[in-house]
Each structure stands twice: as C-alpha cells, then as structure tokens.
2 protein chains.
Amino acid sequence: MVTSKEVQMQDLIRQAEALCQRSGMAFTAPRRRVLEILAASETPMKAYDLISKAGEGGQATKPPTVYRALDFLCQLGLVHRIEQDATFVACNHAGHAQPVALFVCNSCLKATEVAYDEVSHILEKAAAAKGFNLQRLVVEGRGQCQECAMAA
Amino acid sequence: MVTSKEVQMQDLIRQAEALCQRSGMAFTAPRRRVLEILAASETPMKAYDLISKAGEGGQATKPPTVYRALDFLCQLGLVHRIEQDATFVACNHAGHAQPVALFVCNSCLKATEVAYDEVSHILEKAAAAKGFNLQRLVVEGRGQCQECAMAA
DNA sequence: TCCTAGTATGTTATTACATAACACCCTATA
DNA sequence: TATAGGGTGTTATGTAATAACATACTAGGA
Ligand SMILES: [Zn+2]
Ligand SMILES: [Zn+2]
Ligand SMILES: [Zn+2]
Ligand SMILES: [Zn+2]
C-alpha cells in the first residue's frame, strides 16, 4: 500500500532534485536522507531526533552532518526551522522563497503553514515608522489545530 | 552624572516592584539583579552572559538562578525572549501583556519594539481559515536600524 | 596526465543553551 | 508549632549547535 504521505514525499524529493539541478547544487545522500526523514514525519523534529533516525540501520550519523544538511535545505526553502522550539519541518510547497507563518498545535504538535503577504507589508511599514529597515521576518504561532479542536 | 539610561532603569525597577506587589509576587534579589543587568544593557543578552555578569563581585551565580528569574520576568512581560537567537531584552514599556514584534539590527544588535495590533487580527483570521485557533504569536525581524543606516 | 580549486562529507572535540532533582530557607496561616 | 507554598542554592545532567581539521570527489586548466 502506498499512502498519500508517501506520494507527497516522493514528490517533494523530486522537486528538491530539480531545484538543486537548477541552482547547480548537489542533492547528496545526507541531504536526501534528512529531507526524507522530515518529509515522512507527522510533526516537526528536533535535530537530535533526526540524528538518531538518520543513524538507524547504517553507520552512525554525527551532528555536523545533519546540521549541514539542515542549513542547506533551509536555505533552499525546502525545510523551515521553527525558532520557538528549535525544530525543523519539511515545507510542503517545495521551495517557495516567500515567507510563511508556522503555527504549531499545542496538542498534536503538527505545524500548519500560512502565507502572510499582507502582514509583511504592514510590519515593514510599522518598522519603517521607527526607522528600521526590515530584511527578514519570523512569524510563528501556537494554538490548536482543526483536528484537535474537533476531538475536544 | 546620571545618564538617561540609568533613569530609565530606575523607572523600570520601580514599575517592576509595583507590578509584583499588585500580583502578590515577590520581587526578590536575583530577580531584581537580572532585570537591572538587562535594563543596563544596550543590546539583548544571552543567558550565559547574564550569568557571568550576575556573578561579578559576589558569589557565583548558577544557571538555574538566572533562568528562573528570566522565566518570571518574561511571564510578567518585563523581559522579552528573542527566539531567533535565544537572547533576552528588558521591555521598555514595563509590563505590557500585549504582543510586540522585536526587530534586531544586524549591525549593532540593538532591538526595537514595535506593536502590531492589526497584524495579530489578520493572522488570527488567516489561521482560522485553516481551522487553526491561534493563541500565542511570535513576531521577530532582522534588518538595519536607523542609526546604523545613517552611519552607512 | 597532473595539478589545483571548489564543494561536500567524516570525525573528534568542544561550546553554548537549558533543566531535573533535591536540600534548604522563609513566611503566612491554621 | 506544625505545615504548605513559594523561592533560592547546588550538583549534575540533558539538549542544541559549531569549531577545526582530515578526507574524498569533481571539474577545469597547465
Ligand atoms: Zn514552506
Ligand atoms: Zn492538533
Ligand atoms: Zn515590551
Ligand atoms: Zn543598528
């Protein structure tokens, strides 16, 4: 049986390959491995869980290997880092450079991506009013997702 | 000579005392010490710099002491934690519970607080559109502050 | 062919961030 | 004077991230 999650993952990997080729970057084994694990996960993962997981059934994987892969994938926009709790999540839009907000459910810990075009303009203006030139923006939230609201 | 920074700090301490009394909480020595150090700092500080600083001229101060004080001060809204780089900054509005965005300058590392009433409503709606009930929001930015833009 | 520059990984060790667990102290109140 | 709640001190540990250096692969030029 092939789950939709698996299909989504294959898709993500293909898009990553394509994106790397276009950018002239190598989609190497450790990068693929890290992206696969993240894509297969229901929830954002901590770096050291990733390290353990990547080391299953094979040679041990050390922190720098995984952190380097994460840096790479984050730069390409294939993975997002959630600053609030130092976790990483595969992007389900494969390489949008546009900023998105990440909302994490307090119950099930799943992350929901939400675009925020409007918001970034407003914040840029608000920053500009104080003479601040905004270059990078982090928007994250906590709350309750739809499923968990139903269940409660 | 009394600088404006020092005046601001005295003010902040007084407000903190008042806030604690109203809430029935104790404004104890370590809490005061941590707030004083943060209030005196030009830039947000890392926890371990705070720990070193707090230990200067006296008995050594250990991590739990400072982290407990930080938790306390953050809950009261007297201090903000910047998630992006795990730093802490004294709030210059003394205990607003309202959310603010924190913009950090890439050059001088100073933080600028910006309120964002509008934005939270928009994001709440955007989240709601995906069935997500937003409870807490983190908005942070990076860029260049006014002073540094002048200097450049 | 050989050299070299650029990119990427492997490995060891260390630094930085944060909390668990327990003992002790103080103070209010029953 | 017991005892419960809140707070601190201390030891030890857990968790997140990177420095530094060695090694490997590839592409392009002498
Ligand atoms: Zn995304
Ligand atoms: Zn949920
Ligand atoms: Zn503030
Ligand atoms: Zn600046």
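Here is how names work: the chains are called A, B, and so on, in the same order as the sequence lines, proteins then strands, and each is numbered from 1. Computed from heavy atoms alone, side chains included, the values below leave out hydrogens, waters and symmetry copies. All values reported here derive from a predicted model rather than from experimental measurement.
- Residues B:Pro64 and B:Ala26 both approach DNA chain D. Their nearest nucleotides, taken by heavy-atom distance, put B:Ala26 toward the 5′ side.
- The phosphate of D:dG9 has OP1 or OP2 within less than 4.0 Å of a side-chain N or O from B:Thr65.
- Whole-Å rounding puts the B:Ile51 CD1 to C:dT15 P distance at 16 Å.
- Test A:Thr65, A:Leu50, A:Leu35 against A:Leu70 for side-chain contact (heavy atoms from CB on, under 4.5 Å) and you get one pass: A:Leu50.
- The side chain of A:Pro63 approaches D:dA17 more closely than any other nucleotide in the set C:dA20, C:dC17, D:dA17.
- The nearest whole Å value for the distance from the OH atom in B:Tyr48 to the C1' atom in C:dT15 is 11 Å.
- Rounded to whole Å, atom C1' of D:dG5 lies 11 Å from atom CE of B:Met25.
- B:Gln84 and A:Glu83 share no side-chain donor-acceptor pair at under 3.5 Å.
- Look at CD on B:Glu83: it is 13 Å from C1' on C:dC17, rounded to the nearest Å.
- We find the NZ-SG distance between B:Lys110 and B:Cys105 to be 9.0 Å, quoted to the nearest 0.5 Å.
- A distance of 13.0 Å separates OG of B:Ser41 from CZ of B:Phe88, quoted to the nearest 0.5 Å.
- The distance from atom CZ of B:Arg68 to atom C1' of C:dA18 is 12 Å, rounded to the nearest whole Å.
- Taking 4.0 Å as the cut-off between side-chain N and carboxylate O, B:Arg142 and B:Asp85 count as a salt-bridged pair.
- Applying the 4.0 Å criterion to OP1 and OP2 of C:dA18, one finds that B:Arg81 has a side-chain N or O inside that range.
- Between B:Thr28 and D:dG7 there is no side-chain N or O to OP1 or OP2 distance below 4.0 Å.
- Closest non-hydrogen pair, A:Phe72 versus A:Cys20, comes out as CZ-SG, 3.8 Å.
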Inset, instruction - List the protein contact pattern of nucleotides 25-30 of chain C with one symbol per nucleotide (5' to 3'): B for base contact, S for sugar-phosphate-only contact, - for none; contact means a heavy-atom distance under 4.0 Å. - result: ------

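- Classification of B:Arg14 and B:Asp11 as a salt-bridged pair holds, one side-chain N sitting under 4.0 Å from a carboxylate O.
- Whole-Å rounding puts the A:Leu70 CG to C:dT9 P distance at 12 Å.
- Put simply, A:Tyr67 does not rest on the base of D:dT18: the two rings are not both less than 5.5 Å apart at their centres and under 30° in tilt.
- When the side-chain nitrogen and oxygen atoms of B:Lys46 are compared with OP1 and OP2 of C:dA16, none of them lie within a distance under 4.0 Å.
- Protein atom CG of B:Asp71 is 13 Å distant from nucleotide atom C1' of C:dC17, rounded to whole Å.
- Distance CG (A:Asp85) to P (D:dA17): 10 Å, rounded to an integer number of Å.
- Positionally, the nearest nucleotide of DNA chain D for B:Phe72 lies more toward the 5' end than for the other of B:Phe72 and B:Lys62.
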